[in-house]
Amino acid sequence: MAPEQERSADLTSSVTALARKRGALIMAHSYQPAEIQDAADFVGDSLELCRAAASAPEEIIVLCGVRFMAETASVLAPRKLVIHPVPEAGCPLADSMTAADMRAMKAAFPAALPVVYVNSSMELKALSYACCTSANAVQAVESVPSGEVIFGPDRNLGVFVSRRTGKVVRVFPGGCPPHARADVSDLRTRIAEWPDAEVLVHPETPPEAWDLATAVLGTGGMIRHVGRSSATRFLIGTEGGFVHRLNKLFPDKQFLAVGRISCPNMKKITLESLSASLEDLEPVVTVEPTLARQALAAIERMVGIG
Ligand code: CIZ
């Protein structure tokens with residue numbers, strides 16, 4: 001084993017031993033670096049992380065992802081200690097729509113009920129009827145008891161949802177910078193190189209990428225699609241870290257990340273910062289209790305859908 005690999009393996013063993021000593025559950029988003037996914041007890045998308053955080057017996061959750069994920073887990077599991085190892089790991093998409101933007105849209109479209117992507121601030125969730133993830137955005141919008149919906153912050157996901165529901169969807173023009181700038185020419189090149197491959201792209205990518213795809217899916221949907229498919233090669237148009245999860249789940253199939261989609265915030269947590277968090281049981285995520293109460297109904301709707 002190369003010295004760097006040996007060091008990483010030692011650190012992973014000490015992180016998992018420390019987690020057991022503390023009675024902590026390490027949860028990682030599917031976009032986290034490979035070594036964080038390998039150290040985690042549970043890896044999943046936002047919806048799976050929320051559900052697991054709420055139902056896990058552990059009192060301490062160390063959430064390796066971006067900040068809104070840890071905040072959402074903390075609202076769903078208010079009696080647990082939720083730790084987010086690197087508080088600066090935020091989400092520009094979540095920051096792209098403010099509460100003032102939402103109030104302005106509500107004033108402009110008074111008959112519309114808001115549905116917000118989970119990649120949003122707690123203030124936005126508190127102003128919304130329901131939250132959703134890419135796994136249940138279509139069902140969440142369909143479940144709203146109005147014919148008109150405000151959708152934010154992700155424009156591409158909003159357009160995707162509006163094409164697949166019978167609702168009038170008022171879409172806020174925000175975006176995930178790495179997904180919105182996906183390199184569609186790279187996608188075309190890889191399709192020419194692997195003509196037999198199925199092409200799976202995320203709905204946060206631009207519609208030109210959807211036009212080249214076999215299916216447009218969130219990461220949970222991609223996993224289910226690969227599990228059912230007889231294809232052996234897949235081009236994956238979402239954050240590159242996800243391919244590690246696919247390789248582990250489906251060792252007999254081949255995956256290639258396409259579109260050069262890389263989220264710098266998802267790469268901020270390291271084995272060292274995870275270890276320090278377990279040692280000190282910090283930094284703890286807190287959400288102001290009144291705000292948490294106001295956001296809970298929208299978050300619970302999300303967890304109950306799909
Ligand atoms: O829902 C999530 O966790 C995100 C950010 C993407 C996906 O499709 O899993």
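Counting starts at 1 for both ligands and their atoms, in listed order. Sequential numbering from 1 along the given sequence is applied to the chain's residues.
- Counting only N and O atoms by type, the side chains of T219 and Y31 include no donor and acceptor under 3.5 Å apart.
- Taking the charged nitrogens against the carboxylate oxygens, R188 and D183 have no contact shorter than 4.0 Å, which rules out a salt bridge.
- Ion pairing between a basic and an acidic side chain is recognised when a charged N comes within 4.0 Å of a carboxylate O; K267 and E239 show such pairing.
- Shown here are the ring-ring contact (aromatic ring centres under 6.0 Å, His included) partners of F160, two or more places apart in sequence or in another chain: W210.
- Judged by distance alone, the side chains of N156 and H202 never bring a donor and an acceptor atom under 3.5 Å apart.
- Surrounding CZ of R155 are at most 12 heavy atoms belonging to other residues, nucleotides or ligands under 6.0 Å away.
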Pick out the protein N or O atoms lying less than 3.5 Å from any N or O of ligand 1, and list each pair with its distance.
unit_1	atom_1	unit_2	atom_2	d
ligand 1	1 (O)	S46	OG	3.4
ligand 1	3 (O)	H29	NE2	2.6
ligand 1	3 (O)	S46	N	2.7
ligand 1	3 (O)	S46	OG	2.6
ligand 1	8 (O)	S134	OG	2.7
ligand 1	8 (O)	H202	NE2	2.6
ligand 1	8 (O)	T219	N	2.9
ligand 1	9 (O)	T219	OG1	2.5

